[in-house]
Amino acid sequence: MRVLCVAEKPSISKAVAGHLSGGSVQTHNTRNQYIKNYSFDFDFGQSLGQCAVTMTCVAGHLTHIEFTSEYKNWSYPPPDSLFNAPIVTSIHDDKKSMAKNLADQAKHARVLIIWTDCDREGEHIGQEIVDAARKGNSSIQVKRARFSNVERAHVLSAARRLVNLDEKQVDAVSTRIELDLRIGYAFTRFMTNSLRPLGGAMENLTLSYGSCQFPTLGFVVDRYFRVKNFVPEQFWSIKLLHNRDGKKVNFSWARSRLFDRMTTIIIYERCLAAKTAKITNVQEKPTRKFKPLPLTTVELQKAATRLLRMNGQQAMTIAEETDRFDKGMNLKALVQKQTPDQRWGQFAQSLVNGAFSQPREGRHDDKAHPPIHPITYAAPSVLNSDEGRLYEYVVRRFLACCSEDAIGMATNIDLQYGSEAFSAHGVIVLERNYLDVFVYEKWDNTAELPKFTRGETFQPTEALMTEGKTTPPDYLTEADLIALMDANGIGTDATMAEHIQKIQDREYVATIDRGGQTAEDVDDAHTEAQPTRGGRGRGRGRGGRGRRDSGTSGGRRGGIRVFVPTQLGVALILGYDRMDFDISLSKPFLRKEMELKMRAICEGQTTREVVLRESINQYRRVFMQTQERLDVLRAACREFVFAQPHR
DNA sequence: GCAAGGTC
């Protein structure tokens with residue numbers, strides 16, 4: 001019997017073919033430069049038994065959907081017609097050779113086995129493969145291999161425990177695809193058509209709406225206004241210092257700070273009147289600093305922007321040149337491969353010699369990809385500078401994952417001074433372990449404390465009443481933005497960087513160098529891309545979560561890029577917000593709702609048809625309301641884009 | 001010219 005196996009990408013096809021064939025495999029080129037067909041024999045056991053196998057792949061989605069040609073024009077039929085315009089599925093020109101290959105190979109096969117990634121998109125790609133194969137063999141039988149990594153034993157077991165393609169997941173994805181197309185095209189055409197006539201800077205812009213790009217813009221605008229509308233608040237505190245054994249101990253006040261001066265004075269004077277302080281408790285307990293979790297793509301992007309000063313897209317491009325394999329493999333063998341390195345080889349050797357410890361398990365498991373880790377040793381000379389730094393991070397992180405947590409002894413000292421409680425916290429690092437290789441983390445932010453005994457009294461060296469002002473939050477860094485997108489389900493780990501790029505291309509946001517600048521410096525430094533000046537409206541102003549003490553504002557390092565909205569970005573977000581619909585296009589809720597609906601389809605609680613009908617009606621209503629209140633959007637553009645002193 | 005999602 002002949003079987004056709006199809007993976008989602010070349011690397012998986014190659015790896016699976018390698019494992020199933022046991023090494024005896026013939027490779028054939030296809031008309032597509034990326035796609036190879038492998039042929040070999042394999043015993044699937046049970047129903048299929050011994051088979052002649054052809055293993056090949058696609059490269060991501062094979063098809064895309066589009067509106068029929070009558071809907072090409074941006075103004076007629078009017079954009080709202082796109083909510084129910086007919087849609088056709090077609091194969092992009094550069095994918096035709098792949099589809100043809102599948103149809104050709106299917107002709108000789110009785111069974112088709114889908115080896116796409118085991119996530120929702122993978123299930124949909126699987127269905128696209130089935131459709132293409134049936135063009136060549138309409139009666140081909142379809143099975144699916146369920147696997148989460150390409151470790152040999154795991155692949156073999158997946159091949160012998162075939163399941164069926166999950167239609168519900170396929171439906172969930174096709175629902176998402178259709179909604180994104182209809183909503184994105186309708187709003188983009190409408191916004192562009194109706195705001196370009198304002199002329200000037202707006203004349204040549206494409207004003208796009210997308211279910212991911214708009215919430216992403218919303219995050220940037222929201223933070224901008226939190227900074228802009230921030231009102232500093234004065235606070236007062238009590239600082240207690242004591243010198244002992246040549247060490248300076250800083251006791252922090254249990255109340256931290258008060259926003260009322262008189263109250264603080266009264267409390268402070270009570271402390272001074274008491275003269276002596278009494279140690280109420282001394283507690284020592286073992287503590288540890290956890291080693292990092294295995295590396296996810298999102299974490300890699302965050303680390304790349306934060307520690308390595310790359311942007312997320314650069315990091316992804318570089319990281320894709322390595323591959324990602326799973327923990328099912330022999331991790332110690334991977335550690336062993338790192339022993340030749342000048343920088344971390346010795347550390348790797350110590351792990352091999354017995355210090356190895358199984359990595360922690362994080363809560364994210366997409367069942368499709370294992371954590372990122374180095375699969376081979378790359379000498380510094382074979383990588384360019386960016387690649388080298390990223391590779392170094394991946395290796396150090398991996399070695400850290402495979403070593404022990406750092407071990408320390410924590411000391412807590414509680415003290416009573418007048419009516420007030422104070423405490424000091426210290427740590428002695430006993431074993432550095434992973435910290436020796438993971439140079440991106442430190443554990444020296446807490447000092448070693450001198451000896452104190454419970455019940456003892458003493459006169460504190462210094463007791464001061466201090467005052468300070470709260471400071472605004474910082475603008476969003478790329479790492480912040482990725483974290484927000486991740487937390488709100490905006491985009492996937494592979495697309496987040498693209499959405500961030502998109503809102504820059506659209507001139508909705510700009511990046512600026514944050515080197516300890518004030519908001520005013522920021523505006524002056526970037527008049528070219530028109531970051532906003534003089535905004536009003538949103539933001540929480542006084543207080544709220546974004547508030548920080550001035551004492552901790554030292555985190556503004558130079559050279560970090562932060563995101564600020566342009567006038568245009570502010571105008572669009574405020575314009576929609578001021579229409580005050582029950583549904584906000586600028587916030588992540590709609591995307592979250594879409595995610596929930598997809599999940600409901602997967603769980604059989606609703607269907608593709610129901611969700612499409614509901615969501616299209618919902619968005620059409622918002623669209624109609626937007627048309628009716630276009631004046632609000634236009635007014636916002638006039639206010640922010642045109643009413644600028646320098647224009 | 002327009003979305004978001006795969007991947008090369």
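Note that this is a predicted model, so its numbers are computed, not measured.
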Kindly state each residue pair satisfying ring-ring contact (aromatic ring centres under 6.0 Å, His included) with at least one member in residues 568-620 of chain A, sequence neighbours excluded. A/F214-A/Y576
note: A/K502, atom NZ; B/dA4, atom C1'; distance rounded to Å ~ 9 Å
Any side-chain N or O of A/S208 less than 4.0 Å from the OP1 or OP2 oxygen of B/dA3? yes
Sequence neighbours excluded, which residues qualify as side-chain hydrogen bond (donor to acceptor under 3.5 Å, both in side chains) partners of A/R196? none
Mind running a 4.0 Å heavy-atom check of residues 76-92 of chain A against DNA chain B and sending the residues that fall below it, in number order? none
Which atom pairs, donor and acceptor, lie under 3.5 Å between side-chain atoms of residues 200-209 of chain A and protein residues at least two apart or in another chain?
| from | atom 1 | to | atom 2 | distance (Å) |
| --- | --- | --- | --- | --- |
| A/S208 | OG | A/Q213 | OE1 | 2.5 |
| A/S208 | OG | A/R506 | NE | 2.6 |

Scan residues 55-63 of chain A against DNA chain B and write down, sorted by residue number, each residue with any heavy atom closer than 4.0 Å; if none is found, say none. A/A59, A/G60, A/H61
Measure from NE2 on A/H499 to P on B/dG6 and round the result to the nearest Å. 9 Å
Among B/dG5, B/dA3, B/dT7, the one nearest A/T495 by side-chain distance: B/dG5
Contacts of A/T607 that satisfy side-chain hydrogen bond (donor to acceptor under 3.5 Å, both in side chains) - sequence neighbours left out: none
A/K95/A/E128 ion pair, N-O < 4.0 Å: no
Looking across every strand, which nucleic acid part, if any, lies under 4.0 Å from A/R120 by heavy atom: base, sugar-phosphate, or nothing? nothing
Considering every strand and a 4.0 Å limit on heavy-atom distances, what is the contact class for A/Y209: base, sugar-phosphate, or nothing? sugar-phosphate
Which part of the nucleic acid, if any, lies within contact of A/T116, taking any heavy atom under 4.0 Å across all strands shown: a base, the sugar-phosphate backbone alone, or nothing? nothing
Under 4.0 Å between any heavy atoms, over every strand shown, what does A/K72 touch: base, sugar-phosphate, or nothing? Just pick one. nothing
Would you indicate what A/M496 reaches in the nucleic acid, counting non-hydrogen atoms under 4.0 angstrom: base, sugar-phosphate, or nothing? nothing
A/K14: which residues meet the side-chain hydrogen bond (donor to acceptor under 3.5 Å, both in side chains) condition with it, sequence neighbours left out? none
Where along residues 602-621 of chain A does a heavy atom come under 4.0 Å from DNA chain B, residue by residue in number order? none
Nearest heavy atom decides the nucleotide; on that basis, is A/N73 or A/G210 closer to the 5' end of DNA chain B? A/N73
What residues, two or more places apart in sequence or in another chain, satisfy salt bridge (charged side-chain N to carboxylate O under 4.0 Å, His left out) together with A/R561? none
How is A/Q213 classified with respect to the nucleic acid when contacts are heavy atoms under 4.0 Å: base, sugar-phosphate, or nothing? sugar-phosphate
Which part of the nucleic acid does A/R182 contact within heavy-atom distance under 4.0 Å: base, sugar-phosphate only, or nothing? nothing
Show which side-chain atoms of residues 83-92 of chain A pair as donor or acceptor with protein atoms under 3.5 Å away, not counting sequence neighbours.
| from | atom 1 | to | atom 2 | distance (Å) |
| --- | --- | --- | --- | --- |
| A/S90 | OG | A/H64 | NE2 | 3.4 |
| A/S90 | OG | A/E66 | OE2 | 2.9 |
| A/H92 | ND1 | A/D94 | OD1 | 2.9 |

Salt bridge or not for A/R634 and A/D631, using N-O below 4.0 Å? no
d(A/N488 CG, A/K587 NZ) to nearest 0.5 Å is 11.5 Å
Under 4.0 angstrom, heavy atoms only, what part of the nucleic acid is A/G491 near: base, sugar-phosphate, or nothing? sugar-phosphate
Partners passing salt bridge (charged side-chain N to carboxylate O under 4.0 Å, His left out) against A/E8 (at least two apart in sequence or in another chain): none
Residue pair A/T206/A/D94 against DNA chain B: nearer the 5' end by closest nucleotide is A/T206
side-chain hydrogen bond (donor to acceptor under 3.5 Å, both in side chains) involving A/S615 - partner list, sequence neighbours excluded: A/K597
B/dC8 phosphate, OP1 or OP2, under 4.0 Å from A/K9 side-chain N/O: no
